[in-house]
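Order of the sequence lines fixes the chain letters, A, B, ..., with proteins taken first and strands second; residue numbering starts at 1 for each chain. The figures here come from the full heavy-atom set of this structure, side chains too, leaving out hydrogens, waters and symmetry mates.
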Amino acid sequence: MESLIYIIAPLSITALILFICMFGHLKFGFISLKSVQKIGAVIGALYGYLYFTTMYNLLVDYSVFLSRIHYTNLVIFLIFAILIGFYSRRITPDFIQIIGLCVFGTSAYFLLA
Amino acid sequence: MILSLVFAFGIFALLWPYFIAIRAMDFNKNSETMEPRLQGRPARRTIGRINSDISVTIYTVYAFYTVLCVAFYATPEFRGVISDAVLLIIVIALSAFAFYFVEMANRKAYAYITMGQIAVIHLCCSVSSFIAFNYLVHGNDIILQNGLAVVGLAIGLMLIFSRKLGRK
C-alpha cells in the first residue's frame, strides 16, 4: 500500500503528458498543423522516455503486470478527459451521463483493483 | 486464444455503432449529401467526407497505439541482446514518429466530434491493440473478468460523451 504512490505518481505524470499532447492543441486552430506535429513529436519523445523508464522499472524491478501498468495509465488519461469534460460543461447531470460515470467507475475498479 | 481476439476486435468494432448512434457518421444517406447547418460550424462538408475522415482518424489512432505497443512492450524482450541506451533511443524515435502522425488525426476528427469522443477512440484503439499485441507477442490470453471490465469502461465512456453532434 505504501508503494502505491510510487506507481501512481509517475503513471499520472505520463498520462498527463499524453493527454496534453493529444488534446492540448485542439482549441488552438491558429497554430499550423505542421507546427503542432513538430511540437507533438518532441513531447512524444519526452513521453516515450518517461513512460518507458517507468514501465521498465515497474516491470523488471517490481514485477508489476504489464496489463496493470497499461490500464492504469489509460484510466488516468481518461479521468483527465472526464475532468476536462466537467470543466467545459460537456458533462452535465444528465441521467445517461450519470449512468455512464457509474459504469465507468465500476469497470475501472474491477479492472485495477 | 479466441477470447483475446474476440475482445480486441469487438472493442474496436464498437466505435462504428457508437458514432452512428451519436449521428457523427451516417452510412444510410447518399455520401454526396451536404451535412446540415450546425451552430458554430460555418463550413459544410459532404456526409461521405465526414464518414471517411472519422474512419481515417480511427485507423490512424489504432496504428499509433500499435506502434507504441511495439515500442514500449516489445523492446524489453531484447534487453539481453541490445544495450539499454540503444533500446531507449529506439523507443524515443518510435514514440516521436507515432506522435507526429496522430496529431493530424486528432485535429481532423475535432472538426466533427468533441474531445471526449476522441478520447473514446483512444480508449478503444489502445485497449484493442494492447490485447491483440499482448496475445500475439507475449502469448498472454485475456482474463474474462478483465475483458468485461474493459468493455464496461468503453461503454461507460461512450455514455458519458454521448451528446449529439449538433450540441458540440
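- Only the side chain of N134(B) comes within contact range of chain A, with heavy atoms under 4.5 Å apart.
- Ring-plane geometry between F130(B) and H70(A) is classed as parallel, the angle between the planes falling under 30 degrees on a 0 to 90 degree scale with a further cut at 60.
- Between W16(B) and Y59(B), the ring-plane angle classifies as tilted under the 30° and 60° cut-offs.
- Atom CG of residue L15(B) and atom CG of residue L123(B) lie 8.5 Å apart, to the nearest 0.5 angstrom.
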Could you check N106(B) against H25(A) for side-chain hydrogen bond (donor to acceptor under 3.5 Å, both in side chains), going step by step and ending with a plain yes or no? CA-CA 9 Å; N106(B) 283 336; H25(A) 62 90; 4.6 Å; no
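- Hydrophobic clustering (side-chain heavy atoms under 4.5 Å, transitive across Ile, Leu, Val, Met, Phe, Trp, Tyr) groups L153(B) together with L101(A).
- By number of non-hydrogen pairs under 4.5 angstrom with chain B, the leading residue of Y109(A), F110(A), Y47(A), Y51(A) is Y51(A).
- Within the 4.5 angstrom heavy-atom criterion, only side-chain atoms of D84(B), from C-beta onward, approach chain A.
- In terms of heavy-atom pairs under 4.5 Å with chain A, the best-connected choice from N140(B), I160(B), V150(B) is I160(B).
- Counting heavy-atom pairs closer than 4.5 Å to chain B, the top residue among T106(A), L46(A), I82(A), L18(A) is I82(A).
- The side-chain contact (heavy atoms from CB on, under 4.5 Å) with T72(A) is formed by just one residue from the set L74(A), I76(A), V75(A); it is I76(A).
- Put simply, of I98(A), I43(A), I69(A), L33(A), the one with the most heavy-atom pairs under 4.5 Å next to chain B is L33(A).
- Here F52(A) is the residue among F19(A), Y56(A), F77(A), F52(A) with the most heavy-atom pairs under 4.5 Å with chain B.
- Proximity to chain A is absent for every atom of F133(B), based on heavy atoms less than 4.5 angstrom apart.
- Considering only heavy-atom pairs separated by less than 4.5 Å from chain A, the leading option among I92(B), L68(B), L87(B) is I92(B).
- Heavy atoms closer than 4.5 Å to chain B are found in both the backbone and the side chain of S67(A).
- Once rounded to the nearest 0.5 Å, the distance linking CZ of F80(A) with CD1 of I17(A) reads 10.0 Å.
- Counting heavy-atom pairs closer than 4.5 Å to chain B, the top residue among G105(A), G40(A), G100(A) is G100(A).
- Between the CD1 atom in I82(B) and the OG1 atom in T75(B) there is a gap of 8.5 Å [rounded to 0.5 Å].
- Contacts of I91(A) with chain B are made by side-chain atoms alone, with heavy-atom separations under 4.5 Å and no backbone atom involved.
- Inter-residue side-chain proximity for Y112(B) and T57(B) is flagged as unmet; no heavy-atom pair is nearer than 4.5 Å.
- Proximity to chain A (any heavy atom under 4.5 Å) is restricted, for A71(B), to the backbone atoms N, CA, C and O.
- Proximity to chain A (any heavy atom under 4.5 Å) is shown, for I89(B), by neither the backbone nor the side chain.
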